[in-house]
Amino acid sequence: MYNSSDNHRYVHALNELDDVNIKRIRPLIPPQILMEDLPLTESAAATIVKGRKAAEAIINGDDDRLVVVVGPCSIHNTTAALEYADNLRAYAETASDDLCIIMRVYFEKPRTTVGWKGLINDPDLNNNYAINKGLRKARTLLLDISEKGLPAGCELLDTISPQYIGDLISWGAIGARTTESQVHRELASGMSVPIGFKNGTDGNVKIAVDAIKSAESSHCFLSVTKQGLSAIVETQGNKHCHIILRGGGDGPNYEEQYVENYVKQLQKSGVNPRLMIDCSHGNSSKDYRKQPIVSDNISHQLSATETGKYIVGVMIESNLVEGNQSIPDDGDLSKLVYGKSVTDACVNWDDTVRMLDNLREGVRNRRRRAAVAASTWITQRYSCESASDFETKFRVLIKKLDVVEHEETWQQIDDALKGLVSLVKAGATKFETFVPTMKQAVKYINNAALSERTRLSGTALTLFEEMARMMETRITPLSDMMFPTIMKTCGRANKVFVTRGIKCLTTAITYSHLPEQTPRICDAASTDPNKTVRSSAAKLLMSIVSCCTVPELSPHLTLVEKAIATGVVDANPDARTTARQSYEIYIKRFSNRVEAFHAGLSSTARKYLKIEDKNSAKPQSQFAAFRQQQQRQPLRDRPTAQRPVARSNSAGTSTSAASAASSQPGASTAGPSANRPRPVRPMARQGPTAMRRDGAVAPVPLTITDPASAAVATVTIAATASEPASATSQEPILTPVAAATAAAAAPPKIVARSSSVERLIMSPQHESKPNMTQLLTNSSQPDFVSDKPAADSAHASVSPSSTTPVSRVASPVETVPTAVNSETVSDTSKPVTPPATTTPGDKAT
């Protein structure tokens, strides 16, 4: 039986067990919705990626610049933050050769006890905790700063907030109060940006070292997705972490002796020994006016001490106005000073510029010291005077190479490789013992070439280049051992490695030819699944085809042809372009193989190489053939109606050609355009061809019919002047334009021509139509005999079967009307027998 009192006690018990201390729960906007409302722009993305790559390279030792994270302690006024960003961006552009400047944009503030927790948590600074509004303001500000071309850095305090802004930052920090936190170490392991861990507030550096080792490892933990759903997240570890020295309860830790001690501690732990120094907090004893003193000391270490090469970054708390201020208790924000911090005190903008200039000078001095040290070390210790001297120095270097590469040893390996480069340049390659001795170092050189450190890989490739320059064709035994490894660098994701690999092998081919590597290159260009490898191999193939002599390349021509044929249809446009360039070089150097090469190409390859197929040439259209014939015909031999209209002379009179054209029978007088040459439009359907199967040209009859009287006249256009139309020809009828096309194949010489007939055939149907009797008996346009070569024009003669007027020319696609005299038109497929040829003075009857 239901007991209501028992149910009430159960509900009361649940309330005492769950959410006992929860005051209120409000909905939070999902990250994906906010990201769609405020999407990442293309310009902002370019800035963020550039900042991340630069920071990674500096932290890993591949870039000798200095990362400087500078900006307000925290952001409370976005307008002032944007003004500061404008100032910083202008300075960053002038200092980009020495400093990688990242604006400090902190939205979350860890508090020792209580206090304002930052813009995201309380954007209105009135304890209303409008977190949705704070997230929107934070993302908007980061977008605006990135679009200005300035990368931003944030402290990661809340483990969920990076889902809202993580795509807009180029560097991140884990604060002194959270470095030892397990969830923050897990968060750092999954971040897509370099992460700095600060030492503890008490000055303990070991917790930061442990944090780096933890963040570099894989983790699995609870989190939320971009859609706001709870999820289990598994990370692969972040390899771009470093330590930040911020001082502690026992005093500053930025001076040389501290840096040297921490570097050794980091190296012993097997983590990145490079570090960043915070000019504020414990290092300035929380006095913002001491920040310039810290930066001066850092600049000195960069310029003159061995610890300077391990300092890769500096942090500065800076704002438009120096000092700090408290948030008014009455909530009146108008009392706040514009551009002044509401958390930790900051230096002003002028002091910031002086500090940055001082750091720039330190970077330049460190760069000069490194260059002088490298030059002196190589030139003084690694000259080569004899074979025994070479072998002695080689044994010293090989010991330096025989170590496992890690943070503590890679610089030693790089120095040893530079020593080998200096021996090669000093002339060690001339000794007979050079090749067998150098083979002992090949495995170390190959390992260095595949290193993730661009400087180490670059030195290994430089060594191979110098050996190729000095040894030329004698490098073959070493190239067989090193060429495949260097080819692998041409397929890496980092374009720096790819560019260096191609340059190295191209140089080696230029000096040493290396024809024995042709099969390997051709195979990579044709079959490798990596499109970057195929593109790189295509460039190497072009060098092979250009540099190798004919005897060197002859044994491999079949492979070369196959690689080119495959490359021109490759899905990668770079590979196709390079393959076409190789083809152009190949056909010039091996012209005797061109026909056989073309015969084996696919139709697609022929298309890309723009090879014309003679057997499948597109036939010329009727209209194109007629226009080509007309253009070759002398102007004075053209029918008058088709000559160009003469322009008026200076006196305002027109030329005689225009007057003559207007006086011809049937000429239109509608306007100025009536005398212009009118093109003959192509027929809707071509009639039977005038070409015989044996290639000869047959006479072409044209039947002209008047529908009213069924009178028939036949115009026969002869194929050549020397062969007049034959009465016994049984060839099929062809249109006038098709007949002109056939006649163009064998340029004739005009014996007799009737311009009147031509004018009838070529004039448009809407013009005036002369009757057949007038056309055939017109003595004003007599036939003539030309002694000049014909301009590919057809000979025409007219043979009427009746003198009844003809109204139009019958189209080859139209049906001839039923004739009154069935005997006359019973068979229009046969030409009417022409009369005997008349002289120019005779008239047709």
Side-chain angles (χ1 to χ4, degrees), residues 461-480 482-491 495 497-528 530-570 572-601 605-606 608-611:
L461 298 185
T462 300
L463 175 58
F464 184 72
E465 281 188 57
E466 293 301 327
M467 288 193 294
R469 293 177 193 272
M470 302 298 293
M471 300 179 69
E472 296 182 349
T473 57
R474 294 184 294 113
I475 199 177
T476 299
L478 294 175
S479 69
D480 291 337
M482 300 175 65
F483 198 96
T485 301
I486 300 177
M487 278 281 291
K488 293 180 181 179
T489 66
C490 298
K495 290 185 178 181
F497 292 103
V498 175
T499 303
R500 286 179 176 176
I502 294 174
K503 176 181 176 294
C504 173
L505 296 181
T506 301
T507 302
I509 292 171
T510 301
Y511 284 91
S512 304
H513 294 186
L514 304 180
E516 65 279 358
Q517 302 300 331
T518 303
R520 179 176 286 109
I521 295 173
C522 292
D523 182 65
S526 303
T527 62
D528 198 285
N530 188 330
K531 68 177 183 179
T532 306
V533 172
R534 296 198 306 273
S535 178
S536 302
K539 295 176 181 177
L540 299 179
L541 179 61
M542 184 170 64
S543 298
I544 285 283
V545 175
S546 302
C547 299
C548 289
T549 63
V550 174
E552 289 174 339
L553 201 56
S554 294
H556 311 293
L557 290 181
T558 303
L559 294 175
V560 172
E561 292 173 352
K562 178 182 177 183
I564 293 175
T566 305
V568 295
V569 295
D570 195 284
N572 186 354
D574 292 338
R576 293 199 302 270
T577 301
T578 308
R580 287 196 293 268
Q581 295 172 350
S582 299
Y583 165 77
E584 296 295 337
I585 299 172
Y586 181 82
I587 61 176
K588 291 178 181 178
R589 298 198 64 194
F590 301 93
S591 56
N592 59 323
R593 293 180 59 91
V594 171
E595 292 187 5
F597 180 31
H598 287 178
L601 292 174
R606 298 174 70 90
Y608 278 113
L609 293 176
K610 299 180 181 179
I611 301 173

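Hydrogens, waters and symmetry mates are skipped; everything else that's a heavy atom, side chains included, is used.
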Are [X] and [Y] close enough that some pair of their side-chain heavy atoms sits under 4.5 Å apart?
{"X": "Pro573", "Y": "Arg576", "result": "yes"}
{"X": "Val545", "Y": "Tyr583", "result": "no"}
{"X": "Thr578", "Y": "Leu541", "result": "no"}
{"X": "Leu557", "Y": "Tyr586", "result": "yes"}
{"X": "Lys562", "Y": "Cys522", "result": "no"}
{"X": "Gln517", "Y": "Ser479", "result": "yes"}
{"X": "Lys610", "Y": "Arg580", "result": "no"}

Exam field: side chain Asn530 to backbone Gly491, donor-acceptor pair closer than 3.5 Å: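 Between the backbone of Gly491 and the side chain of Asn530 there is a qualifying donor-acceptor contact (under 3.5 Å).
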Arg534 side chain vs Asp528 backbone, donor-acceptor pair below 3.5 Å: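 Yes.
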Heavy-atom pair of closest approach, residues [X] and [Y]:
{"X": "Ala565", "Y": "Ala605", "value": "O-CB, 4.3 Å"}
{"X": "Ser535", "Y": "Asn572", "value": "CB-ND2, 3.4 Å"}
{"X": "Cys547", "Y": "Arg589", "value": "N-NH1, 4.3 Å"}
{"X": "Ala538", "Y": "Ser582", "value": "O-OG, 4.0 Å"}
{"X": "Ser512", "Y": "Ile475", "value": "OG-CG2, 3.5 Å"}
{"X": "Ala468", "Y": "Ala508", "value": "CB-CA, 3.6 Å"}

Chi angles and distances behind the side chain to side chain contact (heavy atoms under 4.5 Å, CB included) call for Ile585, Met542: CA-CA 8 Å; Ile585 299 172; Met542 184 170 64; 3.8 Å; yes
Measure the [atom1]-[atom2] distance between [X] and [Y] for me, rounded to the nearest 0.5 Å.
{"X": "Leu540", "Y": "Leu505", "atom1": "CG", "atom2": "CG", "value": "5.5 Å"}
{"X": "Glu516", "Y": "Thr473", "atom1": "CD", "atom2": "OG1", "value": "9.5 Å"}
{"X": "Leu514", "Y": "Glu552", "atom1": "CG", "atom2": "CD", "value": "9.5 Å"}
{"X": "Gln581", "Y": "Thr577", "atom1": "CD", "atom2": "OG1", "value": "7.0 Å"}
{"X": "Ile587", "Y": "Glu561", "atom1": "CD1", "atom2": "CD", "value": "12.0 Å"}
{"X": "His513", "Y": "Ser546", "atom1": "NE2", "atom2": "OG", "value": "10.5 Å"}

All side-chain hydrogen bond (donor to acceptor under 3.5 Å, both in side chains) counterparts of Arg500, not counting sequence neighbours: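 Arg500 satisfies side-chain hydrogen bond (donor to acceptor under 3.5 Å, both in side chains) with no residue once adjacent residues are dropped.
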With sequence neighbours excluded, residues passing salt bridge (Lys or Arg N to Asp or Glu O under 4.0 Å) with Glu466: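 Listed in chain order: Arg469.
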Phe597 and Phe590: CA distance, side-chain angles, deciding distance, ring pair (Phe, Tyr, Trp, His ring centres under 6.0 Å) verdict: CA-CA 10 Å; Phe597 180 31; Phe590 301 93; over 10 Å; no
Residue Tyr608 excluded, over 12 heavy atoms near OH under 6.0 Å: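 12 or below, so no.
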Name of the residue among Ile521, Ile502, Ile509, Thr510 meeting side chain to side chain contact (heavy atoms under 4.5 Å, CB included) with Ser543: Ile509
